[in-house]
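Below is one structure; the comments refer to it alone.
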Amino acid sequence: MVDFSGHATDVAPLLLNARLTSTVDGHRAVVRITEVEAYGGMGEDPGSHAFRRMTPRNTTMFGPPGRAYVYFTYGMHFCLNVVTCEYGIAGAVLLRAGEIVEGLDVARSRRPGSRDRDLARGPARLTVALGVTGALDGVSLTATRSPLRLRPADPVALELIGTSARTGVAGPGAPTPWRFFLRDDPSVSPYRAAV
DNA sequence: CCGACGATTTCCT
DNA sequence: GGAAATCGTCGGT
């Protein structure tokens, strides 16, 4: 797990309670991850960006593991993933939500008007709170000098982890229960079924 | 708390 | 042409 290699579904629950540190524009903020979703490889997971083929957007998803896959969606939002690819199988874990545990002042200034609980409560909110944009696509999450550093925590007891279908995923991949979250944590985003 | 709606790029049919 | 790994705002309950 130190290099985040493995199948996305195996790595995803191990990222709960992990600490992600961002150092952007000279400001530091740390989030404790409370909600994630796993996305698989080409031909494997119909809900994944990597299902069809490699494109300019999803290239980072095809490896190596331990990097940030940042994509732009809905014409205005960035979302941050941990690349978990191994044995040529693309994979990534979407960081959906967390609690800001350091750099509250920085996160507040990036998301004015937000309640503290909501600062990183959602994948696009999390990237704004941490100052993450497409410019960080492909950066290492393990290098000492990286603007994004991810440190896993001790594994969370199974009974404290909730699972569900993935938010906003429609079609054949919709029922796959690859969303993982900390039960009863207020920073977990509200679940929304796909249209 | 909930549902409806618009913003606007990338990829797919 | 249309949906998408979304969010803030608006109005109602």
Side-chain angles (χ1 to χ4, degrees), chain A residues 4 7-9 11-13 15-16 18 20 31 33-62 65 67-85 89-100 107-138 141 148 150 162-181 184 186-195:
Chain A
F4 305 103
H7 196 273
T9 53
V11 175
L15 295 183
L16 295 174
L20 175 69
V31 65
I33 301 301
T34 60
E35 179 188 354
V36 298
E37 281 176 2
Y39 287 87
M42 199 160 57
E44 176 202 17
D45 175 12
S48 172
H49 286 168
F51 181 62
R52 297 283 177 182
R53 62 175 164 276
M54 199 183 292
T55 67
R57 178 176 70 168
N58 68 18
T59 300
T60 305
M61 259 193 92
F62 287 79
R67 290 186 179 174
Y69 166 46
V70 183
Y71 70 89
F72 188 58
T73 191
Y74 289 100
M76 61 184 78
H77 299 303
F78 291 105
C79 293
L80 170 64
N81 297 251
V82 178
V83 175
T84 62
C85 164
I89 303 173
V93 177
L94 172 66
L95 303 183
R96 284 198 57 86
E99 176 200 10
I100 302 294
R108 284 174 183 148
S109 69
R110 286 175 174 148
R111 286 181 38 78
S114 173
R115 296 177 177 216
D116 284 354
R117 183 194 70 163
D118 296 332
L119 282 171
R121 194 179 184 223
R125 292 170 172 181
L126 185 147
T127 58
V128 171
L130 295 184
V132 173
T133 68
L136 297 186
D137 181 46
L141 295 169
L148 290 176
L150 185 59
T163 62
S164 80
R166 295 171 294 186
T167 300
V169 174
T176 317
W178 285 358
R179 173 174 177 256
F180 304 87
F181 56 94
D184 305 321
S187 69
V188 171
S189 72
Y191 176 73
R192 306 197 187 295
V195 294

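Protein chains get the first letters and strands the later ones, always in sequence-line order, with residue 1 at the start of each.
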**Asked** Given side chains that start at C-beta, do those of A/Ile100 and A/Asp116 come closer than 4.5 Å, heavy atoms only?
**Response** no
**Asked** With respect to the phosphate group of C/dA4, does any side-chain polar atom (N or O) of A/Thr73 fall under 4.0 Å of OP1 or OP2?
**Response** no
**Under-4.0 Å side-chain N/O to phosphate OP1/OP2 contact, A/Arg53 with B/dC11** = no
**Message:** Classify the ring geometry of A/His49 against A/Tyr71: parallel below 30°, tilted from 30° to 60°, perpendicular beyond 60°.
**Reply:** perpendicular
**Complete:** Paired to B/dG6 by Watson-Crick or G-U wobble criteria (both distances under 3.5 Å) is C/dC7
**Between B/dC1 (P) and A/Tyr191 (OH): distance, integer Å** = 18 Å
**Item:** Interatomic distance, A/Arg115 CZ vs B/dC1 P [rounded to whole Å]
**Value:** 8 Å
**Message:** Is a donor from one side chain sitting under 3.5 angstrom from an acceptor on the other, for A/Glu35 and A/Ser189?
**Reply:** yes
**Fill in**
Here the distance between atom P of C/dG8 and atom CG of A/Asp118, to the nearest Å, is 8 Å
**Prompt:** Looking at the side chain of A/Arg111, which of B/dC1, C/dA5, C/dG8 is the nearest nucleotide?
**Reply:** C/dG8
**Complete:** d(A/Arg53 CZ, A/Phe62 CZ) to nearest 0.5 Å is 10.0 Å
**Message:** Any base atoms under 4.0 Å from A/Arg179, or only sugar-phosphate, or nothing? Heavy atoms, all strands.
**Reply:** nothing
**Request:** Can you tell me the distance, in whole Å, between the CZ atom of A/Arg192 and the P atom of B/dG3?
**Result:** 8 Å
**Request:** Consider the side chain of A/Tyr69, meaning its heavy atoms from C-beta on, and name the nucleotide among C/dA5, B/dC12, C/dA4 that approaches it most closely.
**Result:** C/dA5
For nucleotides 5-8 of chain B, tabulate all protein N/O to nucleotide N/O atom pairs closer than 3.5 Å, reporting atom names and distance.
from: B/dT8; atom 1: O2; to: A/Tyr74; atom 2: O; distance (Å): 2.9

**Prompt:** Contact class for A/Arg52 vs. all strands (heavy atom < 4.0 Å): base, sugar-phosphate, or nothing?
**Reply:** sugar-phosphate
**Prompt:** Is there side-chain contact between A/Leu15 and A/Leu150, with heavy atoms separated by less than 4.5 Å?
**Reply:** yes
**Asked** Considering every strand shown, what is the Watson-Crick or G-U wobble mate of C/dG12 when both distances are under 3.5 Å?
**Response** B/dC1
**Request:** Tell me which nucleotide among C/dA5, C/dG8, C/dT6 gets nearest to the side chain of A/Tyr39.
**Result:** C/dA5
**Residues within residues 40-50 of chain A bordering DNA chain C, heavy-atom distance below 4.0 Å** = A/Gly47, A/His49
**Item:** Whole-Å gap separating P (C/dC7) and CZ (A/Phe78)
**Value:** 14 Å
**Asked** Can you tell which of C/dG8, B/dC12, B/dC1 lies closest to the side chain of A/Arg117?
**Response** B/dC1
**Request:** State whether A/Arg96 places a side-chain N or O below 4.0 Å from either non-bridging phosphate oxygen (OP1 or OP2) of C/dT6.
**Result:** yes
**Request:** Using whole Å, report how far CZ of A/Arg110 lies from P of C/dC7.
**Result:** 17 Å
**Request:** Using the P atom as the reference point in each nucleotide, state the distance between C/dA3 and B/dA4 in Å, no decimals.
**Result:** 16 Å
**Prompt:** Could you state the CZ-P distance from A/Arg125 to C/dT9, rounded to the nearest angstrom?
**Reply:** 10 Å
**Request:** Starting at atom CG of A/Leu126, determine the distance to atom C1' of C/dT6, rounded to an integer number of angstrom.
**Result:** 13 Å
**Message:** Under 3.5 Å, is there a donor on one side chain and an acceptor on the other for A/Ser164 and A/Arg179?
**Reply:** yes
**Asked** Which part of the nucleic acid does A/Arg166 contact within heavy-atom distance under 4.0 Å: base, sugar-phosphate only, or nothing?
**Response** nothing
